[in-house]
Amino acid sequence: MKKLFVIIFSIFLLCEGSLFAEKITFSAGSMSGQAGDSSATTTLSGGAFVQTSSIEISADSIELSGDDYRFIKASGNVKGKNLETKMEFSCEYMGYDRQTKVANLQGSVNLVDTENDVKADAQLIEYNQNTNIAVLQVGITLTQKKNVCTGAYAVYQKNEQLLEISGNAQVKQENDTFRAQQITLDLDTQSITLSGNVKGSVTETKKAEQPKNQSAEEVPPTEKKE
């Protein structure tokens, strides 16, 4: 019966000329609501899973609502993947608007840009799929290559590979540390721009001393035997 619901739901959104013209498929341990009524609220629970043409989401519970199931709300052990932008995430709660393609992630959020090996942790992240921009707030830690970036607020621009951090902003690059009110980091070139109450510490890398080549004059003379 669960598989029948999946088929009916998918065909309805395609044949009725929905606003988004994309297929939605789902599976769950249990379901409440009407799969054929796109204006009703449908709740999936018990290993819930939803997939559209651009995103897939799994969670303990997922709610679909709004005209043509425009809004998706997921809670409990939320995990997802954006199939178009190659972004993966996990969090405690997620709200997603299929029309604006904006996702709001809350509670121990982990966001990974798999294409650029960028990993971000925060309590709140808003990600816009159209612009490929993520806004991070509260308890931010972002890592990329040798960079470990922390702060209270940050904007990550995936397309430009640009990170702007503010609020006790700090960037550590191995043994070097940079602090300022605002830090802009180019993740491609690794160049850093600091502004406002700038502080930093840089550790000089010592090169190992090379042994000197002994010249002919430095070679001790051999003793003559009598």
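The figures that follow rest on heavy atoms only: side chains count, while hydrogens, waters and symmetry mates do not. Along the sequence shown, residues are numbered consecutively beginning with 1.
- Follow the hydrophobic side-chain contacts under 4.5 Å out from Val198 and you reach Val171 in the same cluster.
- In this structure, the separation between CD1 on Ile140 and OG1 on Thr150 is 9.0 Å, given to the nearest 0.5 Å.
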**Prompt:** Step by step, would you call Phe89 with Ile55 a side-chain contact (heavy atoms from CB on, under 4.5 Å)?
**Reply:** CA-CA 11 Å; Phe89 59 86; Ile55 196 170; 4.2 Å; yes
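- In this structure, a donor-acceptor pair under 3.5 Å is absent between the side chains of Asn104 and Tyr93.
- Distance alone, capped at 3.5 Å, places no donor-acceptor pair between the Arg98 side chain and the Thr52 backbone.
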**Message:** Run the side-chain contact (heavy atoms from CB on, under 4.5 Å) test on Leu64 and Phe71 for me, step by step, so that the C-alpha distance in whole Å, both residues' side-chain angles and the decisive distance to 0.1 Å come before the verdict.
**Reply:** CA-CA 6 Å; Leu64 308 171; Phe71 303 106; over 6 Å; no
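- No more than 12 heavy atoms of other residues, nucleotides or ligands lie within 6.0 Å of NZ in Lys172, so this atom counts as exposed by the packing criterion.
- Annotation: Asn168, atom CG; neighbour count of heavy atoms from other residues, nucleotides and ligands within 6.0 Å does not exceed 12.
- Checking side-chain atoms of Ser191 against main-chain N and O of Asp186 turns up no donor-acceptor pair under 3.5 Å.
- Here the side chains of Glu126 and Val102 are in contact, with some heavy-atom distance below 4.5 Å.
- Contact record, Asn128 with Thr100: OD1-O, 4.3 Å, taken as the closest heavy-atom pair.
- Counting heavy atoms from C-beta on, the side chains of Thr25 and Lys23 come closer than 4.5 Å.
- Cluster membership for Leu194 and Leu187, using ILVMFWY side-chain heavy atoms within less than 4.5 angstrom, is shared.
- Taking 4.5 Å as the limit, some side-chain heavy atom of Thr43 sits within range of a side-chain heavy atom of Ser61.
- Qualifying side-chain contact (heavy atoms from CB on, under 4.5 Å) partners for Glu160, counting only residues two or more places apart in sequence or in other chains: Gln157, Leu162.
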**Asked** Does the pair Asp60 and Ser75 meet the rule for a side-chain contact (heavy atoms from CB on, under 4.5 Å), with working shown?
**Response** CA-CA 6 Å; Asp60 293 340; Ser75 59; 5.9 Å; no
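- For Glu84, the side-chain contact (heavy atoms from CB on, under 4.5 Å) partners at least two apart in sequence or on another chain are Ser54, Asn82, Gln129.
- Hydrophobic clustering (side-chain heavy atoms under 4.5 Å, transitive across Ile, Leu, Val, Met, Phe, Trp, Tyr) groups Val118 together with Ile192.
- The side-chain heavy atoms of Thr177 and Gln170, taken from C-beta on, include a pair separated by under 4.5 Å.
- Rounding to the nearest 0.5 Å places CD of Glu56 at 5.0 Å from CD of Gln51.
- Shown here for Phe49 and Leu44, the closest heavy-atom pair between the two residues is O-CD1, 4.3 Å.
- For the pair Tyr69/Thr42, a side-chain contact is recorded, criterion being any heavy-atom separation below 4.5 Å from C-beta on.
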**Asked** Please walk me through it: do Lys158 and Glu115 pass salt bridge (Lys or Arg N to Asp or Glu O under 4.0 Å)?
**Response** CA-CA 10 Å; Lys158 173 182 167 70; Glu115 283 187 325; 3.0 Å; yes
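- Nearest heavy-atom pair across Val50 and Ile24 is CG1-CG2, 4.0 Å.
- Scanning all heavy atoms of the two residues, the minimum distance from Ala134 to Tyr127 falls at CB-CD1, 4.0 Å.
- Note that CG of Leu105 is 6.0 Å distant from CD1 of Ile125, once rounded to the nearest 0.5 Å.
- Going from atom CG of Leu142 over to atom CG of Leu163 covers 5.5 Å, rounded to the nearest 0.5 Å.
- Contact annotation: the side chain of Gln144 approaches that of Gln190 to within less than 4.5 Å [non-hydrogen atoms, C-beta and beyond].
- Between Asn110 atom CG and Cys91 atom SG the span is 9.5 Å, to the nearest 0.5 Å.
- Between the side chains of Ser45 and Ser30, at least one donor N or O lies within less than 3.5 Å of an accepting N or O.
- With sequence neighbours excluded, the residues that form a side-chain contact (heavy atoms from CB on, under 4.5 Å) with Lys119 are Val112, Asp117, Thr143.
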**Prompt:** What do the steps show when you test Asn147 against Gln173 for side-chain hydrogen bond (donor to acceptor under 3.5 Å, both in side chains), and what is the final call?
**Reply:** CA-CA 5 Å; Asn147 299 301; Gln173 295 181 331; 2.7 Å; yes
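- Considering only heavy atoms from C-beta on, Ser108 comes within 4.5 Å of Gln123 through its side chain.
- Nearest approach of Ala122 to Gln137, heavy atoms of both residues: CB-O, 3.6 Å.
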**Request:** Report the C-alpha separation of Tyr156 and Asp113 in whole Å, then their side-chain angles, then the decisive distance to 0.1 Å, and conclude whether the side-chain hydrogen bond (donor to acceptor under 3.5 Å, both in side chains) test is met.
**Result:** CA-CA 10 Å; Tyr156 171 57; Asp113 179 356; 2.6 Å; yes
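- Contact annotation: the side chain of Leu136 never approaches that of Leu124 to less than 4.5 Å [non-hydrogen atoms, C-beta and beyond].
- In plain terms, the two heavy atoms of Lys145 and Asp188 that are nearest each other are NZ-O, 4.5 Å.
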**Item:** side-chain contact (heavy atoms from CB on, under 4.5 Å) between Thr114 and Met87, worked out
**Value:** CA-CA 6 Å; Thr114 58; Met87 301 285 276; over 6 Å; no
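- In this structure, the separation between CG on Asn197 and CD on Gln182 is 13.5 Å, given to the nearest 0.5 Å.
- Val202 and Val148 fall into different hydrophobic clusters, defined by Ile, Leu, Val, Met, Phe, Trp and Tyr side-chain heavy atoms under 4.5 Å apart, directly or through other members.
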